Amino acid sequence: MAQLVAGSTHAWAGDDLPPDVRLRPALYEEETAVSALRRACGWSAETVAQQFRNMRDGRREIWIAECDGYLVGTCTVEWLADDSHLADGRTRAHISNLVVHPTYRRRGIGKGLMVAVERAAGRRGCAVITIGVDRGNNYARALYEQRGYSYVKDIHAPWGLVHILQRRLA
Ligand SMILES: CC(C)(COP(=O)(O)OP(=O)(O)OC[C@H]1O[C@@H](n2cnc3c(N)ncnc32)[C@H](O)[C@@H]1OP(=O)(O)O)[C@@H](O)C(=O)NCCC(=O)NCCS
């Protein structure tokens, strides 16, 4: 089951999100909850400690979706990445680590998390937002293309080929 979260909640004013879902930045003390969620989704939690270090350093924000007091989804938005074409600390930001608990999929939560971090990037003055999708992950790619992202390049990650997509922010 998804992990219980510790923090207070903020109502999300997005288009299609179910009313019982709340989106907000993660708290520092929620590292264990985010790790448990990733494992519950069948994904490694290896990168979570680094994600939280980056959050403390101001290099990224971690966002979470909660429902009924449980953490059911997460993603991060990187302000600064090693590849400045993805996130350069100023005009470009990069979405990564998007995952929704299998029980809660197809309810608009993945889209809602994207909208939330796109807005956060817009508030920081970013003009472009990028996202990576593993080759063959057609569901995720369909979600990104629905949101107006289009292909820009491939990168070779340690686990295989990743397609980079991007869109402009209003
Ligand atoms: C990709 C993922 C985050 C989507 O989360 P979600 O909350 O189910 O997404 P949403 O409900 O917002 O779906 C939005 C759109 O994505 C597409 N989509 C998502 N899951 C889909 C599926 N199983 N089959 C077909 N289309 C799908 C659809 O276009 C959908 O729009 P629709 O419901 O109007 O048809 C989720 O499936 C997941 O966690 N997958 C495993 C991790 C992963 O692949 N992350 C992406 C890394 S690049």
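In listed order, ligands and their atoms are each counted from 1. Note that the structure is predicted; figures quoted are calculated from it, not measured.
One option in Arg107, Arg105, His101, Arg147 has a heavy atom closer to atom 41 (C) of ligand 1 than any other, and that option is Arg105. When the heavy atoms of His163, Arg106, Met114, Glu145 are ranked by distance to atom 26 (N) of ligand 1, first place goes to Arg106.
Proximity to Ile109 (heavy-atom distance under 4.0 Å) selects the following atoms of ligand 1: 7 (O), 12 (O). Close approach of ligand 1 to Tyr144 (heavy-atom distance below 4.0 Å) involves ligand atoms 46 (C), 47 (C), 48 (S). Near Gly108, with a cut-off below 4.0 Å to any heavy atom, the atoms of ligand 1 are 10 (P), 11 (O), 12 (O). Atoms of ligand 1 found under 4.0 Å from any heavy atom of Val99, numbered from 1 in the order shown, are 39 (O), 42 (C). The contact set between ligand 1 and Lys111, taken as ligand atoms under 4.0 Å from a residue heavy atom, comprises 12 (O).
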Evaluation steps, side chain to side chain contact (heavy atoms under 4.5 Å, CB included), between Ile64 and Arg24: CA-CA 6 Å; Ile64 63 171; Arg24 61 177 173 81; 3.4 Å; yes
Derivation of the side chain to side chain contact (heavy atoms under 4.5 Å, CB included) call for Thr103 and Tyr70: CA-CA 12 Å; Thr103 306; Tyr70 289 91; over 6 Å; no
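At least one N or O atom of Gln146 sits closer than 3.5 Å to an N or O atom of ligand 1. Among the atoms of Ala140, none of the N or O lies under 3.5 angstrom from an N or O of ligand 1. On a distance-only criterion, Val100 and ligand 1 share at least one N/O pair closer than 3.5 Å.
Among protein heavy atoms, the minimum distance from atom 17 (C) of ligand 1 is reached at Tyr139 O, 3.6 Å.
Within the 4.0 angstrom cut-off, atom 2 (C) of ligand 1 has no protein heavy-atom neighbours.
Salt bridge status for Arg124 with Glu61: absent, with no side-chain N to carboxylate O gap under 4.0 Å.
Screening Lys153, Gln166, His85, His94 for a side-chain hydrogen bond (donor to acceptor under 3.5 Å, both in side chains) with Thr130, the sole residue that qualifies is His94.
What you find for Arg167 and Glu118 is that their closest heavy atoms are NH1-OE1, 3.5 Å. The nearest pair of heavy atoms linking Cys126 to Arg90 is SG-O, 3.7 Å.
Under 4.0 Å from ligand 1, the heavy atoms of Asn137 that appear belong solely to its side chain.
In this structure, Thr74 and Asn97 have side chains that are not in contact, with every pair of non-hydrogen atoms separated by 4.5 Å or more. Within the 4.5 Å cutoff, the side chain of Ser96 has heavy atoms near those of the Arg60 side chain.
Ligand 1 is approached by Gly132 to a heavy-atom distance shorter than 4.0 Å.
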